[in-house]
Amino acid sequence: YAKKLGKNNYQFFTPEMNRTAQNYMKLEKHLRRAMEQGEIELYYQPQIDLATGKVICMEALIRWFSAELGAVPPGDFIPFAEESGLILPIGAWVLKTACAQAKLWETAGLAIRVAVNLSSRQFHQVQTAQHARHPLLDAVLDALDASGLPPALLELEITEGILMRQLDSTMEILNILKDIGVRISIDDFGTGYSSLSYLKRFPIDVLKIDKSFVNDITKDPNDKAIVSAITVMAQQLKLEVVAEGVESTAQMTYLRELRCNYVQGYFFSKPLATGQVLPFLRQSAAATD
Ligand code: C2E
Ligand code: MG
Ligand code: MG
Ligand code: MG
């Protein structure tokens, strides 16, 4: 897809993005138009409880199906959206859409959580005089109010990096969310550079073990040791653990032995389009009842 932007713009989507002002504006225009034209969608990937086999949560994952560029993976446009600030309207839209969907599942008799990824930009917004609340709290509360979703069915995924900066405001936001009843999880756990001390200072409910530790868990004793240590620590801290990127029965068996609570990965399901979610939930509910 990047080629279609023109030969010289190829580097746009590489991590070493060579951003000329012109390139930058072009991508910003594309992404703004994508929002307006409904090219942005949410897909949902299930998390399964290893003890019961039941689906307990769906993670919302953003997708951009561009008429001009084809499917643009989130890893290619989220960093740009963060830098340009477009992640703020996009992030608010993701919260609204995910909460509305989860409310539909609940109404259909399938009350499961929805997990939404937050970017650090959403925490580090300036709170202006017009805002009684931090803009992120506004976005979360608006999404809950508009949908009628019980706050306990919303989980917010943050990364360790978010906890490293602006500690006071981040702490305040997370404490308010916790009071409301929203769950907080640490995504990509184990890949950040932060100290573990944040685990006792912040109101965290869940650790999501990064898929880089899960990949070779059946072959690499070091990965097995790391995952084992994380689950033991989590249990003592009364945190739950999700393993990401589970692709095989063998990995699942190891994770069960290591007392991991939940699993997510292609082995159970790829991220599903909105319309596929209820059929999937009904089918798996029937299979485990
Ligand atoms: P993440 O939150 O860690 O999401 C997990 C990623 O792993 C997803 O990639 C998912 O499709 C992929 N995945 C799931 N199971 C497997 C598996 O078994 N094997 C492998 N190899 N991969 C698996 P995706 O959808 O491309 O998203 C990439 C990242 O983009 C996400 O990582 C998240 O950091 C970010 N992202 C996605 N949606 C949003 C959003 O709405 N807002 C923000 N701020 N970031 C988002
Ligand atoms: Mg995530
Ligand atoms: Mg992750
Ligand atoms: Mg990630």
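Position 1 is the first residue of the sequence; numbering continues from there. In each ligand, atom 1 is the first atom listed, and ligand 1 is the first ligand listed.
- Using a 4.0 Å cut-off between charged nitrogen and carboxylate oxygen, Glu106 and Lys103 count as a salt-bridge pair.
- Under the 4.5 Å side-chain contact rule for hydrophobic residues, Tyr43 and Leu95 do not share a cluster.
- At distances below 3.5 Å, at least one donor-acceptor pair connects side-chain atoms of Thr231 with backbone N or O atoms of Leu258.
- In Glu244, the N, O or S atom that comes nearest to the Mg ion (ligand 3) is OE2.
- Ligand 1 has a nitrogen or oxygen under 3.5 angstrom from a nitrogen or oxygen of Asp188.
- For the ligand labelled ligand 1, residue Glu59 lies inside the 4.0 Å heavy-atom shell.
- At least one heavy atom of Pro271 sits closer than 4.0 Å to an atom of ligand 1.
- Under a cut-off of 6.0 angstrom, the local environment of CD in Glu41 is crowded, with over 12 non-hydrogen atoms contributed by other residues, nucleotides or ligands.
- Within the coordination shell of the Mg ion (ligand 3), defined by N, O or S atoms under 2.8 Å, Asp210 is absent.
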Kindly list each side-chain donor-acceptor pair under 3.5 angstrom involving residues 47-58, sequence neighbours excluded, with atom names and distances?
| residue | atom | partner | partner atom | Å |
| --- | --- | --- | --- | --- |
| Gln47 | NE2 | Gln264 | OE1 | 3.1 |
| Asp49 | OD1 | Ala51 | N | 2.9 |
| Thr52 | OG1 | Lys54 | N | 3.1 |
| Lys54 | NZ | Thr288 | OG1 | 3.4 |
| Lys54 | NZ | Asp289 | OD1 | 3.0 |

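- With distances taken over non-hydrogen atoms, the option nearest atom 33 (C) of ligand 1 out of Thr97, Asn117, Ile87 is Asn117.
- Residue contacts to the Mg ion (ligand 2): Asn117 brings an N, O or S atom closer than 2.8 Å.
- One finds a salt bridge joining Arg32 and Glu28 here, because a Lys/Arg side-chain nitrogen approaches an Asp/Glu carboxylate oxygen to under 4.0 Å.
- The Mg ion (ligand 2) has no N, O or S atom of Asp188 inside 2.8 Å of it.
- With a 4.0 Å heavy-atom cut-off, ligand 1 is reached by the side chain of Glu244 but not by its N, CA, C or O.
- For the pair Thr97 (side chain) and Val94 (backbone), a donor-acceptor distance under 3.5 Å is absent.
- Closest heavy-atom approach to atom 1 (P) of ligand 1 among the candidates Asp210, Asp187, Asp76, Val246: Asp187.
- None of Arg183, Lys208, Arg113 except one satisfies the salt bridge (Lys or Arg N to Asp or Glu O under 4.0 Å) rule with Glu157; the exception is Lys208.
- Closest N/O/S atom of Asp187 to the Mg ion (ligand 3): OD1.
- At least one heavy atom of Arg63 sits under 4.0 Å from some atom of ligand 1.
- Each of the atoms 17 (C), 18 (O), 19 (N), 20 (C), 21 (N) of ligand 1 lies under 4.0 Å from some heavy atom of Glu247.
- Applying the 4.0 Å criterion to heavy atoms of Val94 picks out, from ligand 1, the atoms 41 (O).
- Formation of a donor-acceptor pair under 3.5 Å by the Asp205 side chain with backbone atoms of Ile184 is found in this model.
- Which of Ser119, Gly265, Ser185 comes nearest to atom 44 (N) of ligand 1 through a heavy atom is settled by distance: it is Ser119.
- Among Ala115, Pro74, Pro73, the residue whose heavy atom sits closest to atom 30 (O) of ligand 1 is Pro74.
- In this model, no donor atom of one side chain and acceptor atom of the other lie less than 3.5 Å apart for Asn215 and Glu247.
- The NZ atom of Lys178 sits 12.0 Å away from atom CG of Leu156, with the distance rounded to the nearest 0.5 Å.
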Return all side-chain donor-acceptor pairs below 3.5 angstrom for residues 267-282, not counting sequence neighbours, or 'none' if the list is empty.
| residue | atom | partner | partner atom | Å |
| --- | --- | --- | --- | --- |
| Thr274 | OG1 | Leu42 | O | 3.4 |
| Gln276 | OE1 | Ala273 | N | 2.7 |

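- As for Glu59, its N/O/S atom nearest the Mg ion (ligand 2) is the one called OE2.
- Close contacts of ligand 1 with Gln45, meaning ligand atoms under 4.0 Å from a residue heavy atom, involve 14 (C), 15 (N).
- At a threshold of 2.8 Å, the Mg ion (ligand 3) has no backbone or side-chain N, O or S atom of Glu157 nearer than that distance.
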